[in-house]
Each structure stands twice: as C-alpha cells, then as structure tokens.
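Basis for what follows: all heavy atoms, side chains included, without hydrogens, waters or symmetry-related copies. Both counts, for ligands and for their atoms, begin at 1 and track the order of listing.
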Amino acid sequence: MTGRSCPGLPTWGHTAGVNELPSAAVLVVEDDADLGRMLVRLLTGAGYAPTLAPDGQQGLHLGLTRGWDAMVIDRGLPAVEGLDLLRALRRRGIRTPVLVLSARGTPAERVQGLDAGAEDYLAKPFDVEELLARVRALLRRHLDSAPSLMLGSARLDVEARVVVDAAGRETALSERESTLLATLATRPEQVFTRRDLLTRVFDDADSESVVDTYVHYCRRKLGRGVIRTVHGLGYRCGEL
Ligand code: CA
C-alpha cells in the first residue's frame, strides 16, 4: 500500500448525501440471515451500496460477474467455505479488497485468512464502528492500489502515467488517459457505461463523446485491444 492518492479517481465519502459519485458497491457474503440484514443496514446507513449473498456459491457468482469496490466475506459458509471462495476469486484475477469475518479469531486463523488473499480479518462479535472503519480502510486501499494495474501482460503505472508492455517498452499517457485505463483496469470484469466513465473520469463533462475521444486516444497509442467495446453497453478493460 503506497498511501498515494490517484488524481481523478473517485473518492468515496462514508456519509450518505455528501458524495455525488456512485456509492461504493460492497458485496456481503453471510449465511446468517440476521447478521446479513444487519450488515446491509449498517453499510447502507454509511452511504454504501451493499448486496447480500447468502452462501458461497452466490458469492462466487456475484464476485465474478459484477464489479465491486470491497467485499465482506464470512468465513463459515455452507457449501463453499469463505476462504475457499476467497481463493477462487483471487485465482480468477479478482483483486477487490476483502474483509473476512470469522467467529474464530486466533492468530493462526487470522494468518490463514490473510494467506488466502484477505486484506483484513475481523473476529465476531465485532463492534459496528470498527467494522465500518475497516470497510473505509478497504475502500482507500482499493484506490491506493491503483498505481500498478495490469492490462493483460502490460503494466499500467498510474502515478508515472506510463504503460510498460511485456517487452519493457514504455508508452507515456496523459492524466486523463491514465485515469481512464486505471478505472477500467481496477475492475477488469466490469462493463462501464459511457455515463459511468464520464462521472468517474471526466468530472461529469458535458458530453459522453469525450469518453469516446479518450478511448480513441488510448487505442491510438496502445493498440485497439487495450479497451474493448461492448456493443450497446459501453467499454471494459482489454489487453496488450
Ligand atoms: Ca456463517
């Protein structure tokens, strides 16, 4: 974690109504119905957009098919255990920061959770303010991890605004080009609408055509494959 901020990337407040950007999407995987409802209420109250998956299979499906800003995963789940779910997501390239909740909080179990790919681990029962503070930290980490992102085999260095391909060749980017590619690469599975990208990258500039213009600039520098067009929907991360 670098602690550096990424100019132009969205920053999320945790107070509803203060923030004009879309709420951070948080996937909650929890089989205990009461606790699941409580987590959804808590996260909604904090201004996030949580979605509850009641078991590991649905958690895996949602984790792979939609873009998330953070995930809260219960360790003890039926069918697919929480850490197996987490490992499956990591194996498939999902880098969304994850907080694991567990009734077991010994140091050895905590290490298992971190080794499985969790950023953080919180034992039940937990204090709600502590949970929210940990989620805020995950969301900051989500953005701070952006300075090095992958575009297939090429690496995007957001801070240096440069793409380094597998052969070591460097291509310099403008700030907007870099932020556009970083936004797509932070959630490689997600299709972004032009409206999403206008909000996140271009500060709600007047016309969605500015998005197409910058997609064109990126492709001209890096090749058509760097951004994929999803017809009728928008754009998603491509590969170099
Ligand atoms: Ca459970």
Side-chain angles (χ1 to χ4, degrees), residues 1 10 12-16 19 21-146 186-191:
M1 184 152 171
W12 290 293
H14 61 279
T15 307
N19 186 347
L21 288 166
S23 299
V26 181
L27 176 61
V28 177
V29 190
E30 171 59 73
D31 62 309
D32 180 313
D34 289 340
L35 183 54
R37 272 195 298 273
M38 189 270 265
L39 286 167
V40 165
R41 243 192 342 264
L42 198 61
L43 292 167
T44 303
Y48 305 128
T51 297
L52 179 64
D55 61 50
Q57 268 158 352
Q58 291 189 51
L60 184 62
H61 175 73
L62 285 168
L64 291 174
T65 55
R66 286 166 52 178
W68 302 98
D69 298 302
M71 299 183 192
V72 177
I73 298 178
D74 179 33
R75 182 166 175 170
L77 294 169
V80 181
E81 198 255 354
L83 295 191
D84 289 336
L85 163 63
L86 176 54
R87 288 189 198 96
L89 291 168
R90 294 293 186 242
R91 267 200 308 275
R92 297 186 198 192
I94 304 296
R95 294 185 296 274
T96 308
V98 169
L99 169 63
V100 168
L101 296 179
S102 176
R104 297 168 287 183
T106 68
E109 283 152 349
R110 185 179 168 82
V111 167
Q112 285 172 0
L114 298 175
D115 280 348
E119 275 65 29
D120 202 358
Y121 195 99
L122 185 60
K124 297 177 184 174
F126 51 82
D127 176 83
V128 294
E129 288 306 323
E130 181 173 9
L131 177 100
L132 290 174
R134 304 266 191 132
V135 170
R136 284 197 295 277
L138 284 191
L139 292 167
R140 282 197 299 272
R141 182 183 288 247
H142 184 53
L143 291 178
D144 287 346
S145 67
T186 302
R187 299 186 193 175
E189 310 293 323
Q190 184 180 339
V191 177

Open item on the list: Among Arg110, Glu109, Arg75, exactly one meets side-chain hydrogen bond (donor to acceptor under 3.5 Å, both in side chains) together with Tyr121. Which residue is that?
Closed with: Arg75

- [ ] Flag the pair Arg136 and Glu129 as a salt bridge only when some basic side-chain nitrogen lies within less than 4.0 angstrom of an acidic carboxylate oxygen.
- [x] no

- [ ] Measure across Leu83 and Gly113 and return the closest heavy-atom pair with its distance rounded to 0.1 Å.
- [x]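 Closest heavy-atom pair between Leu83 and Gly113: CD2-CA, 3.9 Å.
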
At less than 3.0 Å, would any N/O/S atom of [X], backbone or side chain, sit next to the Ca ion (ligand 1)?
{"X": "Gly76", "answer": "yes"}
{"X": "Glu30", "answer": "no"}
{"X": "Asp32", "answer": "no"}

Task: Among the N, O or S atoms of Asp31, the one nearest the Ca ion (ligand 1) - done: OD1

TODO: Determine which of the N, O or S atoms in Asp74 is closest to the Ca ion (ligand 1) and give its atom name.
DONE: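 Per the distance ranking, Asp74 contributes OD2 as its closest N/O/S atom to the Ca ion (ligand 1).
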
Task: Heavy-atom check, side chain of Leu89 versus side chain of Leu60, under 4.5 Å - done: yes

- [ ] Using atom types as modelled and distance alone, determine if a side-chain donor or acceptor of Arg37 lies under 3.5 Å from a backbone N or O of Asp32.
- [x]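 Such a contact is absent between Arg37 side chain and Asp32 backbone.
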
